[in-house]
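Structure first, then comments.
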There are 2 protein chains.
Amino acid sequence: MKSPTLRSPRKQKGHGAERREEILDAALALFSEKGVHAVSTRQIAERSGISQPALYAYFATKDDMAAELCVRAFATLVERMCAARVRGAPTIENFERSLRVYVDFGVERPNAYRVAFMIEKSEHGAFLEKTGGRPMIAGLEAFEMFRDIVVEYQAAGLTVLDDPLLITQTLWAGLHGLVSLLIARPEFPWIEREALIAAHIAMLRRGALKA
Amino acid sequence: MKSPTLRSPRKQKGHGAERREEILDAALALFSEKGVHAVSTRQIAERSGISQPALYAYFATKDDMAAELCVRAFATLVERMCAARVRGAPTIENFERSLRVYVDFGVERPNAYRVAFMIEKSEHGAFLEKTGGRPMIAGLEAFEMFRDIVVEYQAAGLTVLDDPLLITQTLWAGLHGLVSLLIARPEFPWIEREALIAAHIAMLRRGALKA
DNA sequence: CCCAGCAATCTATCGCTGATAACTTATCAC
DNA sequence: GTGATAAGTTATCAGCGATAGATTGCTGGG
């Protein structure tokens, strides 16, 4: 008989990948609640129903868990941007829709967004090294998809500038600013969010596309 | 009876406020080298030439040191924006110059910028609470100066939109995106920095001002 | 059936962190 | 001198991420 109140009921063999998913589920929930930094490996272990060192059988470091979640999240961003792209000719409306996909992703998946673009190397020793730069690479894939979209509009003669890389980096920075501030400073006296996002995207579009 | 006479400062090696400045100097140097998170209170103490607990006679927490440095840095930002403002009529060139002041500040004082806008509440427990939101308030002062500038251009009929707050928040987000990415992702394959900054500012200007 | 082997999980612990408590010393007022 | 007080110290705390080594439970060969 296994009483749930017993302190150390050894958890059964975790069937490999399933146990790993359980840990990721727990980590995702906690990270989303409190942010990566505020969550300890002991908390993740407790919610996963295993001991804290057992985590290290599945992940080399705590950052690795965040990195894994981040990579997965970015896969969905690329997916969404790709979907938004195929079903639209290069028009102003579709351009803004593409930018909107990016903003929505960041607002909906703040912790994935944080790990990929807002966490700094210097902040925890060597995050980029520890995770092999995998979140960054996943983020770059999204960036390249973004650039491909920009190339379409530039080829159609709709852009103010000619260098697609310059346009893409500038637009990306513009979008990132809004997303990261909304994530990092939710308590700031923002005007109504929907209006702000719409106005921001419209401003970027006016700055990037002709008339 | 308690005499409210001013007490002469009984100072030892570190003459009161001087000691405090020594600590801030050490902290600033270390923070700039490695980033706030990567510096421990023991390192700061060692460079200050005192024991680690002695720091807590001058600062309630480590975050307090960062906050103090941040507030000072922002005072210089407001100063610079103010200076750039008084000597310019509302023209396109002067508008871009104002935006440029902000970007230059962020690039030159990355650690102050980080503490004010890139560090999150969730990242270290309760940074905002612990520091009484002082860095945030200092940042808001800069924001308000920025809004005042925007109001000038709006009053001169140069802006595309009418709501100064909306314009300011949008422009600010656009600028923040570039600054924070340059700070957080220096290893990203950016195009040449000067060209990027100029193009970014020009894009924001096109999006915000009429023709 | 039993038991060796092995992988998964445990308890215990390391060195580090930020922060606090309690003791000591230097400098002042009287 | 003699307390009082400010400023430093040493010793210590709880919590962190991560590691070492003992221990449990499953599994395949006899």
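Chain identifiers are assigned alphabetically (A, B, ...) following the order of the sequence lines, protein sequences preceding nucleic acid strands; residue numbering begins at 1 within each chain.
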Earlier contact from the 5' end, DNA chain D, for Gln43(A) and Ala60(A): Gln43(A)
Validation row, ring centre [X] to ring centre [Y] under 6.0 Å:
| X | Y | value |
| --- | --- | --- |
| Phe117(B) | Phe188(A) | no |
| His176(A) | Tyr102(A) | no |
| Phe143(A) | Trp172(A) | yes |

Working for side-chain contact (heavy atoms from CB on, under 4.5 Å), residues Val179(B) and Phe105(B): CA-CA 9 Å; Val179(B) 172; Phe105(B) 171 81; over 6 Å; no
Rounding to a whole Å, what distance do you find between [X]:[atom1] and [N]:[atom2]?
| X | N | atom1 | atom2 | value |
| --- | --- | --- | --- | --- |
| Leu55(A) | dC10(C) | CG | P | 10 Å |
| Phe59(A) | dT19(D) | CZ | C1' | 18 Å |
| Met65(A) | dG17(D) | CE | C1' | 10 Å |
| Glu46(A) | dG17(D) | CD | C1' | 17 Å |
| Ile44(B) | dG18(C) | CD1 | C1' | 11 Å |
| Ile23(B) | dA7(D) | CD1 | P | 11 Å |
| Tyr56(B) | dA21(C) | OH | C1' | 14 Å |
| Glu18(B) | dA6(D) | CD | C1' | 16 Å |

Quiz item: Arg42(A) side-chain donor-acceptor pair to dG15(D) base, under 3.5 Å: no
Side-chain N,O (Tyr58(B)) to OP1/OP2 (dA6(D)) below 4.0 Å: no
Side-chain N or O of Ser51(B) closer than 4.0 Å to phosphate OP1/OP2 of dG8(D): no
Taking only the side-chain heavy atoms of [X] (C-beta and beyond), determine which of [options] contains the nearest atom.
| X | options | answer |
| --- | --- | --- |
| Ala54(A) | dT17(C), dA19(C), dT9(C) | dT9(C) |
| Thr41(A) | dG8(D), dT20(C), dG17(D) | dG17(D) |
| Ser40(A) | dA18(D), dC10(C), dC16(D) | dC16(D) |
| Pro53(B) | dC10(C), dA19(C), dT10(D) | dT10(D) |

Sugar-phosphate, base or nothing in reach of Ala57(B), heavy atoms under 4.0 Å: nothing
Pairing of Arg147(A) and Glu152(A) as salt bridge, 4.0 angstrom limit: no
